[in-house]
Number of protein chains: 2
Amino acid sequence: MQRASLPDQPCSVARTLDIIGDRWTALVLRDIAIGISRFDAIQGDLGLSRKVLTQRLAHLVDHDVVVRVAYQDNPPRYDYRMTEKGNDLAMVLLALQQFGDKWAFGGAPPIQWRHLGCGEISTAVACCDRCGEQVRPGDAIPLRGPSFDDQAAPAVGDALDQIAAVFG
Amino acid sequence: MQRASLPDQPCSVARTLDIIGDRWTALVLRDIAIGISRFDAIQGDLGLSRKVLTQRLAHLVDHDVVVRVAYQDNPPRYDYRMTEKGNDLAMVLLALQQFGDKWAFGGAPPIQWRHLGCGEISTAVACCDRCGEQVRPGDAIPLRGPSFDDQAAPAVGDALDQIAAVFG
DNA sequence: CGAGTGAGTTCCCAAAGGAAACCCGCACTG
DNA sequence: CAGTGCGGGTTTCCTTTGGGAACTCACTCG
């Protein structure tokens with residue numbers, strides 16, 4: 001089983017999934033994001049095996065998404081904390097949560113967010129960074145970007161051409 | 001291995017991951033989202049085994065994220081298409097992509113989006129649905145929602161209390 | 001008639017995941 | 001000063017999953 005398959009793809013989604021694209025990593029990151037920062041606490045909360053947790057934490061640290069900080073020596077004990085990159089990745093967790101809030105809990109979610117800016121309990125919506133309007137699937141169309149490679153992904157190229165043909 | 005572990009958790013992130021939380025499902029959904037709609041085309045584009053693709057497609061259809069539409073009978077042939085629920089889930093793909101664009105491609109992404117509303121090439125940003133301001137991790141704090149269950153997730157409850165203590 | 005296409009299914013083997021036990025250094029406790 | 005507990009792992013063993021490749025089936029095209 002060659003795990004190399006994903007990171008080699010010239011695709012942003014695939015590259016990101018190489019970091020959190022398995023059954024547990026995203027949940028581990030979620031725990032760290034809300035402040036559950038120790039090995040045993042995470043293991044107890046999620047109920048995954050200690051072996052797998054060790055691997056996942058090392059993976060997150062490797063990818064600079066999380067840092068392992070000693071909070072005492074003798075014996076060495078550690079906290080796991082988000083990095084700047086990890087906070088960017090937390091936007092993915094937010095998207096996962098919003099979907100789950102809507103479709104699995106029907107608007108009565110287990111966790112809500114208070115926006116410190118305005119003080120309201122709110123949800124995040126995706127907005128165009130140019131015009132500020134809310135964006136939904138179908139409101140935007142995909143185009144080849146600077147690093148697109150037609151050789152590497154001919155099927156994607158074809159699909160983009162189809163879309164371009166429809167939308168002029 | 002009891003796969004029941006994730007969907008049973010009272011957590012929106014976990015519930016969503018039960019749908020797309022493995023190595024391939026999100027990529028399959030991405031292909032369908034951009035219009036690569038047939039079995040062989042998806043298999044060829046992603047290079048995953050046909051067996052696993054069969055399983056993943058069935059899983060997506062089970063969860064109503066994708067529909068299997070016959071485009072001919074005799075022999076039966078099918079397109080896979082996004083549902084309304086699938087389009088909501090595509091917001092997760094968007095978040096994955098934005099992260100990859102920034103951290104794996106350094107701003108020269110393989111795919112860009114043209115917002116039909118304003119005509120510009122843009123990126124999506126998360127905004128507060130109350131005040132419209134852009135939201136980043138740290139700009140909002142998590143609180144217990146209507147369906148939070150302290151019994152089921154004591155560690156999460158503790159973490160929320162800690163945060164509440166800091167932010168009054 | 002033979003080759004091709006689309007959508008899977010089947011078989012076998014290697015890799016990943018789970019459970020539970022073990023380990024290590026230290027700090028209390030009686 | 002032996003015993004117990006805690007934090008953070010590692011090790012062992014066994015089950016499940018994933019990959020590769022070949023096979024099937026129904027129809028079409030040349």
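When reading the values below, keep in mind they use all heavy atoms of this one structure, side chains included, and skip hydrogens, waters and symmetry mates. Source: prediction; values computed, not measured. Each chain gets a letter, A, B and so on, in the order the sequences are listed, and its residues count up from 1.
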Quiz item: Heavy atom of residues 63-72 of chain A under 4.0 Å from DNA chain D: which residues?
Solution: A:Arg68, A:Tyr71

Quiz item: Taking OP1 and OP2 of C:dA16, is either one under 4.0 Å from a side-chain nitrogen or oxygen of A:Trp24?
Solution: no

Quiz item: Roughly how many Å is it from CG in B:Leu48 to P in C:dG8, rounded to a whole number?
Solution: 13 Å

Quiz item: What residues, two or more places apart in sequence or in another chain, satisfy salt bridge (charged side-chain N to carboxylate O under 4.0 Å, His left out) together with B:Arg81?
Solution: B:Asp79

Practice problem: Count the heavy atoms belonging to other residues, nucleotides or ligands that lie under 6.0 Å from CD of A:Glu120, then report whether that count exceeds 12. | Solution: yes

Exercise. Classify the side chain of B:Lys51 and the base of D:dG19 as holding, or not holding, a donor-acceptor pair under 3.5 Å.
Key: yes

Practice problem: Specify the separation, in whole Å, of atom CD of B:Gln43 and atom P of D:dA22. | Solution: 14 Å

Quiz item: Rounded to the Å, how far apart are B:Asp40 CG and C:dT9 P?
Solution: 13 Å

Quiz prompt | Working for side-chain contact (heavy atoms from CB on, under 4.5 Å), residues A:Leu29 and A:Met82 | solution = CA-CA 8 Å; A:Leu29 195 66; A:Met82 302 294 275; 3.8 Å; yes

Practice problem: Would you kindly check whether a donor in the side chain of A:Arg38 faces an acceptor in the base of D:dG7, or vice versa, at under 3.5 angstrom? | Solution: no

Self-check item: Rounded distance (Å) that lies between atom C1' of C:dG17 and atom CG of A:Leu27
Solution: 15 Å

Exercise. Between A:Asp22 and A:Arg50, name the one whose nearest nucleotide on DNA chain C is closer to the 5' end.
Key: A:Asp22

Between the protein and nucleotides 25-28 of chain C, which nitrogen or oxygen pairs come in under 3.5 angstrom?
residue : atom : partner : partner atom : Å
C:dG25  : N2   : A:Arg77 : NH2          : 2.7
C:dC26  : OP1  : A:Asn74 : OD1          : 3.2

Quiz item: Taking only N and O in the side chain of B:Arg23, is any of them less than 4.0 Å away from OP1 or OP2 of D:dT17?
Solution: no

Exercise. List for me each residue that meets side-chain contact (heavy atoms from CB on, under 4.5 Å) alongside B:Ser49, sequence neighbours excluded, and say none if there are none.
Key: B:Lys51, B:Val52

Quiz item: Taking CD1 from B:Ile42 and C1' from C:dG6, how many angstroms apart are they, rounded to a whole number?
Solution: 12 Å

Self-check item: Least distance between heavy atoms, A:Asp101 atom then A:Pro110 atom
Solution: OD1-CD, 4.3 Å

Exercise. Would you kindly give the CZ-to-C1' distance between A:Phe39 and D:dT10, to the nearest whole Å?
Key: 10 Å

Quiz item: Any sub-3.5 Å donor-acceptor pair from B:Thr16's side-chain atoms to A:Gly100's backbone N or O?
Solution: yes

Self-check item: B:Tyr71 six-ring face occupied by B:Arg38 cation (under 6.0 Å, within 45°)
Solution: yes

Quiz prompt | salt bridge (charged side-chain N to carboxylate O under 4.0 Å, His left out) partners for A:Arg50, two or more places apart | solution = A:Asp40

Exercise. Just jot down the side chain to side chain donor-acceptor pair (under 3.5 Å) partners of B:Tyr80, sequence neighbours excluded, or say none.
Key: B:Arg68

Practice problem: Tell me whether the OP1 or OP2 atom of C:dG6 has a side-chain N or O from B:Tyr80 closer than 4.0 Å. | Solution: no

Quiz item: Does a nitrogen or oxygen in the side chain of B:Gln55 sit under 4.0 Å from OP1 or OP2 of D:dG18?
Solution: yes

Quiz item: What's the NE2-C1' distance between B:His59 and D:dG18, to the nearest Å?
Solution: 16 Å

Exercise. Treating Ile, Leu, Val, Met, Phe, Trp and Tyr as nodes and any side-chain heavy-atom pair under 4.5 angstrom as an edge, say whether A:Ile121 and B:Val156 lie in one connected cluster.
Key: no

Quiz prompt | B:Tyr78 OH to D:dC27 C1', straight-line distance once rounded to whole Å | solution = 14 Å

